[in-house]
Structures are given as structure tokens and as C-alpha cells.
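Sequence lines set the chain letters: A, B, ... in the order given, protein chains first and strands last, and positions in each chain run from 1.
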Protein chains: 2
Amino acid sequence: MKTRIMPKRRVATLRLDHFIPYKLSVLAAKVSLRLAREYEQAVGLQLPEARVMAVLGSFSPVSSNAVVQHTSMDKATVSRAISRLLHLGLMTRVPDPRDRRLLILSFTPRGRRCYARLTRIARKWESWFVARLSAAEHARLKRSLTKLTERLEANGPYAAPKLRTKRAP
Amino acid sequence: MKTRIMPKRRVATLRLDHFIPYKLSVLAAKVSLRLAREYEQAVGLQLPEARVMAVLGSFSPVSSNAVVQHTSMDKATVSRAISRLLHLGLMTRVPDPRDRRLLILSFTPRGRRCYARLTRIARKWESWFVARLSAAEHARLKRSLTKLTERLEANGPYAAPKLRTKRAP
DNA sequence: TGACAATCGTTTCATCTGGAACGACCATCG
DNA sequence: CGATGGTCGTTCCAGATGAAACGATTGTCA
């Protein structure tokens, strides 16, 4: 009897802990959580609000829409964040006289102070966070993240390789 | 009159696009969205469900709780994902006779087939995604992500440097 | 000018999420 | 045993999210 060695059917597996999309997602979730807590207890702001502050800090008088562009957050989320910030008296909003659809945001003095604290906290936390990476690693990481982000933004023509179109149950 | 050169007050800014936590979060969000769409239209599963499948694929008979450990997803999310997967007939669940608190999950044949498709899709997408990175970059990226994740898991004694405790509103 | 499309920002709605409470079960210890 | 405390998994609840609908305004083109 000829025992044929069966070409051991290699069972395809997917180890989540080696799967970059998964690693990214878990890490990002943890980071956001931590940072959100920092912000919350230091200045009483949530992440979306802090992000809006950050944009305002860099590009001072901006419209809501510009914030959306800069943050790649959702329109609705930005709108809600802004209304909270207004309510807190951290920024003001006036319609642009030249295009009255636009609402122009600026810091109040209190907002500027809050922003200053925010940046200190953010920077400090980040440097703690990446302290285990060498400068080179840090730089390479940033570059890789940028590359990958661009990969997605060029909303790449990744066409799902059409395997027979059986939409499994 | 002695004109003293003012030590130009350096305005602290925080450029979001150089801020690693932010870059991570944006990238991860985009990745998850894309991948979720892939899964959705290929096998009709959402991300949490796909993750549960992935764990099951690697460590076959497992309890819900083990899934939680492996995925670092929320308990409730896992519970809901599992109930959908059960409903879809992709896995079965029986109580562990030795500890009847535990519910042991296994693939049905259909589940196994679905898992196979899932892994193919996931792998293919990932390799498209990272195609612009050299092998070295890829490896370094993975290592950095791991390092950073560990940094957070060792739930590091990052004590917020207590600046004067004025909780700005 | 006067329709018609496009853009800005808000709001509504369905969904997803994580914390907390819960019931069921197990382990420890008096 | 019985009581107490811990773990597993589900469910409830409040909050956040993004898609879509919307009013207001502007741009375009006949």
C-alpha cells in the first residue's frame, strides 16, 4: 500500500498580534484613552474639543470647516465640540462678513491660557510615551505613519481581488 | 532710554500633524474603516465579529473571556459579537462541564470556511496597505508599535507633572 | 434677474460603545 | 455545610459617533 504523504493542508491563520491594522487600532485606542484622561482632568476637555483647540492654536482665526479639514474629524463632531467650547467661554464665533456661511473662530484670553496648558500637557505626555524609542526610531515611526496615512488618503485603487462572489452567510 | 530686547515670548504651539498620538488615532480610524468595509462586503461581518473569528481561528476552543484577553476588546462588545456569530451559525457554544461559568466556543464548518475567507482578505489587504514600506521599515514599524503598546500596558507610572492645580474650566 | 446646484454648519436618528449592575456559578474559609 | 467574595457572561443605560436631512447662504449659468 502506497502511503501517499498528504500535502498537509496548511491551515491559514491570522494572528491578530502580528496583524498591523489590529495593532494600530489597539494602540491608538489605548493612547486616546490615556490622553483623553489627561486632558479631562487637567483642563476638563474631551479629545475632540482638545483637537479643535489645537487647530485654533496653530491657525488662529479659522472657520469650522477649516477645522474639519485639519483634523479629519467628522463635521458633526466638530460642530458639537465647538459649541461646548463656546459654552465654556474658550472661544468666540463671528460670521465672516465676506461669506456669511462661514463662522470664524478665535480664542478668548481664557481660551489662549487653556491652550497653553493643553500644549504643555500634550507634549509632556507624548515625550513620556515615546521615551523608550531612540530618536531614530521615533523619526522612522513618524515617517511610516505618514506614509501609511498617505497610502489611504490617495484613496488608493485597492480593488478587492474578486474571489468568487459568494457573500458568505 | 535703554531699549531692552524683549525675550520674545515663544508661543507654545502643538502641531497636530506632528503629534504622534494624533497621527496614530487618525491612521487607525481610517484603517479600521477600510478594513471594516472589506469584511462587511466580503463576509458580512463587522470588525468586532471578525476579531472574534480571528481569535477562534488561532486558539480554537476558547471561552468568551479568553477572547476578551486576546483582543483587548470590551467584555460587552465581545458578548454582542459572539451572539451575532452564533445567530449566523458560524460558531457554537457549550458550557464547560468543569466550570459551568465558562462557555466554550468552536467553529461550525461554515464558520471555518468563513474564517478562511476572512484570513485571505485580511492578509491581502494588509499587504496592499503596507506595500510602500520596505521589509525593514515594516519590521521596524511592528517593533515600534509593540514597544509603545507595552509602554502603556505596563500601565506606566506616568504621573502628570502637577502644575499648579488650577482646573481651568 | 431667477432658477438650480453647491457649500457651511446644525440637528436628527440609528447605531455602537464602555461602565455598572446583575444573575449564575465557583472557591475559600469558618 | 453555609456565607462571603470572586469570576464569567449578559443586559441596561448614558454618552459618543457618523450618515443623512435640513435651513441658510453663495456661486453659476441661462
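Taking for each of B/S64 and A/D96 the nucleotide of DNA chain D with the nearest heavy atom, the 5'-most of the two is the partner of B/S64. Both A/S63 and B/D99 sit near DNA chain C, but only A/S63 has its closest nucleotide nearer the 5' end.
For the side chain to side chain contact (heavy atoms under 4.5 Å, CB included) with A/K23, the qualifying choice from B/L145, B/T149, B/L148 is B/L145, the only one to do so.
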### Message
Run A/L141 and A/L133 through side chain to side chain contact (heavy atoms under 4.5 Å, CB included) and show every step you take.
### Response
CA-CA 9 Å; A/L141 173 62; A/L133 302 184; 4.0 Å; yes
### Message
Please evaluate residues A/L105 and A/T92 with respect to the criterion side chain to side chain contact (heavy atoms under 4.5 Å, CB included), reporting the C-alpha separation (whole Å), side-chain torsions for both, the decisive distance (0.1 Å), and the verdict.
### Response
CA-CA 6 Å; A/L105 305 166; A/T92 61; over 6 Å; no
### Query
Passes salt bridge (Lys or Arg N to Asp or Glu O under 4.0 Å), A/E137 versus A/R132? Steps please.
CA-CA 9 Å; A/E137 280 175 313; A/R132 289 276 196 280; over 6 Å; no
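Rounded to a whole Å, the CZ atom of A/R37 is 7 Å from the P atom of C/dG19. If you take CD1 of A/I104 and P of C/dT7, they are 18 Å apart, rounded to a whole angstrom. We find that CZ of A/R101 is positioned 9 Å from P of C/dG9, with the value rounded to whole Å.
Checking side-chain atoms of A/T77 against main-chain N and O of A/M73 turns up no donor-acceptor pair under 3.5 Å. The backbone N or O of A/V55 sits nowhere less than 3.5 Å from a side-chain atom of A/S58 that would complete a donor-acceptor pair.
No engagement by A/R98 is indicated, since no non-hydrogen atom pair under 4.0 Å with the nucleic acid exists.
With hydrogens and angles left out, the side-chain atoms of A/R140 and A/S134 include no donor and acceptor closer than 3.5 Å. Checked by atom type, the side-chain pair A/S25/B/R51 shows a donor-acceptor distance below 3.5 Å.
In 5' to 3' order, the nucleotides of DNA chain D bounding all contacts with chain B (an atom under 4.0 Å from a heavy atom) are D/dG6 to D/dC12.
In this structure, B/R100 does not reach the C/dA27 phosphate: none of its side-chain N or O atoms is under 4.0 Å from OP1 or OP2.
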### Message
Can you build the contact string for nucleotides 13-18 of chain C? Use B for base contact, S for sugar-phosphate-only contact, and - for no protein heavy atom under 4.0 Å.
### Response
---SBB
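Checking C/dG9, C/dA21, C/dA6 against the side-chain heavy atoms of A/K75 singles out C/dG9 as nearest.
The salt bridge (charged side-chain N to carboxylate O under 4.0 Å, His left out) contacts involving residues 82-93 of chain B comprise B/E49-B/R84, where partners must be two or more places apart or lie in separate chains.
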